[in-house]
Amino acid sequence: MKTAITEMFGIRHPIIQGGMHFVGFAELASAVSNAGGLGIITGLTQKTPELLAREIARCRDMTDKPFGVNLSFLPSVNPRPYPEYIAAIVEGGIKIVETAGRNPEQYLPPLKRAGIKIIHKCTSVRHSLKAERIGCDAVSVDGFECGGHPGEDDVPNMILLPRAADELTIPFVASGGMADGRSLVAALALGAAGMNMGTRFIATKEAPVHDNVKQAIVAASELDTRLIMRALRNTERVLKNKGVERLLEIERAKGAAVKFADIEEHVSNVYPRILLGGEMDAGAWSCGMVAGLIHDIPRVSELIERIMAEAERLIRGHLQGLLGDRTAAKVA
Ligand SMILES: Cc1cc2nc3c(=O)[nH]c(=O)nc-3n(C[C@H](O)[C@H](O)[C@H](O)COP(=O)(O)O)c2cc1C
């Protein structure tokens with residue numbers, strides 16, 4: 001399939017694996033890129049720019065296909081030395097960067113000078129337009145259903161994607177709630193040039209996370225995510241578990257007066273314990289409502305081939321079939 005996104009990034013299929021904290025290591029990114037999608041290493045999971053440089057080199061040993069790096073600009077307890085992370089990306093020969101979180105404008109010049117294409121992930125039309133204005137090459141439009149940070153507008157993709165299509169000039173992919181060939185065809189129909197998946201890629205053989213995490217996604221339904229940190233205006237969609245229930249009790253008790261410190265033990269430093277250690281009740285970790293559509297743990301290449309085959313069947317068979325035979329209709 002050829003779209004503005006496959007052309008821009010030099011990939012075979014319009015499928016991107018979004019950056020994911022403690023998931024987006026070289027194993028997953030290279031598997032996605034080898035299967036014809038765009039794999040993305042999560043920059044800030046690497047504790048230092050030197051470690052990121054090493055992860056990029058490791059990924060390059062595992063694939064000769066394009067892959068990218070995610071750089072998230074989110075509120076953080078430990079602010080990172082972004083210019084040094086950017087130097088590691090540029091020196092590592094990366095040609096695609098997924099930015100996310102706050103406005104990345106101040107960090108774009110060195111990336112642009114190195115000929116890097118920027119896809120900015122955001123959750124509203126106004127932020128997408130801003131990304132276009134500051135020179136991003138593409139946008140990943142993250143609907144309310146997404147795992148991770150859906151923003152504060154609560155607009156789901158059925159509305160957000162056609163709104164983005166009406167306003168944007170640069171290409172965009174649909175992100176949030178994407179799982180299969182149906183998602184891809186729907187995203188294309190709504191104006192996107194491809195799709196970005198997070199949660200779906202965690203439940204794959206190559207995702208280097210604890211098996212408990214993959215099983216939890218398979219077991220979860222679309223009703224099993226919760227929104228946390230709403231009062232802090234840093235909303236995150238996470239999978240419910242005992243740690244999250246305790247966190248929500250604190251949020252309910254404190255109401256609008258809740259401070260980050262009140263819930264910190266349930267959100268800080270829990271990713272390695274959950275994703276690598278498999279301690280499923282340790283606290284909050286991002287997960288999308290799309291868990292309800294995930295029933296297996298395939299290899300990444302099987303998943304991507306299945307998506308593309310289903311998309312083709314839907315377009316050539318089902319959708320075309322709904323229109324009936326044009327020639328016959330004319331003759332009649
Ligand atoms: C476990 C997990 C960790 C994530 N970490 C990040 C991150 O560090 N930076 C980022 O930009 N997005 C992050 N995301 C968001 C994903 O890149 C993607 O936008 C989102 O998962 C799409 O929604 P979906 O899960 O419904 O596919 C994360 C998502 C998950 C599920």
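Just follow the structure's listing: the first ligand is 1, and inside any ligand the first atom is 1. Numbers for residues simply follow the sequence, beginning at 1.
Among all protein heavy atoms, the one lying closest to atom 5 (N) of ligand 1 is His21 N, 3.0 Å. Closest protein heavy atom to atom 9 (N) of ligand 1: Ser72 OG, 2.8 Å. At the top of the distance list for atom 1 (C) of ligand 1, counting protein heavy atoms only, stands Ser286 O, 3.3 Å. The protein heavy-atom contact nearest to atom 4 (C) of ligand 1 is Met20 CA, 3.4 Å. Nearest protein neighbour of atom 22 (C) of ligand 1, counting heavy atoms only, is Ser175 OG, 3.5 Å. In this structure, the protein non-hydrogen atom closest to atom 27 (O) of ligand 1 is Gly198 N, 2.8 Å. Atom 19 (O) of ligand 1 has Lys121 NZ, 3.0 Å as its closest protein atom, hydrogens excluded (heavy atom only). Atom 26 (O) of ligand 1 has as its closest protein heavy atom Gly177 N, 2.8 Å.
With a 4.0 Å cut-off on non-hydrogen atoms, Cys146 touches ligand 1 through its backbone as well as its side chain. Proximity of Asn70 to ligand 1, defined as any heavy-atom pair under 4.0 Å, is confined to the side chain (atoms from C-beta onward). With a 4.0 Å heavy-atom cut-off, ligand 1 is reached by the backbone of Thr199 and by its side chain too. Contacts with ligand 1 closer than 4.0 Å are made by side-chain heavy atoms of Asp142 only, the backbone lying farther away. Looking at Thr42 against ligand 1, only its side chain comes within 4.0 Å, counting heavy atoms.
Looking at Gly147, Ala291, Gly19, Gly43, it is Gly147 that brings a heavy atom closest to atom 23 (O) of ligand 1.
Geometric assessment of Arg102 against the ring of Tyr107 yields a negative cation-pi assignment under the 6.0 Å and 45° thresholds.
Looking only at atom types and distance, the side chain of Glu167 has no donor-acceptor partner in the side chain of Ser128 under 3.5 Å away. Side-chain atoms of Thr42 and His21 include no donor-acceptor pair closer than 3.5 Å.
Not a single heavy atom of Arg200 sits closer than 4.0 Å to an atom of ligand 1.
In this structure, Asn212 places its CG atom where more than 12 heavy-atom neighbours from other residues, nucleotides or ligands lie under 6.0 Å away.
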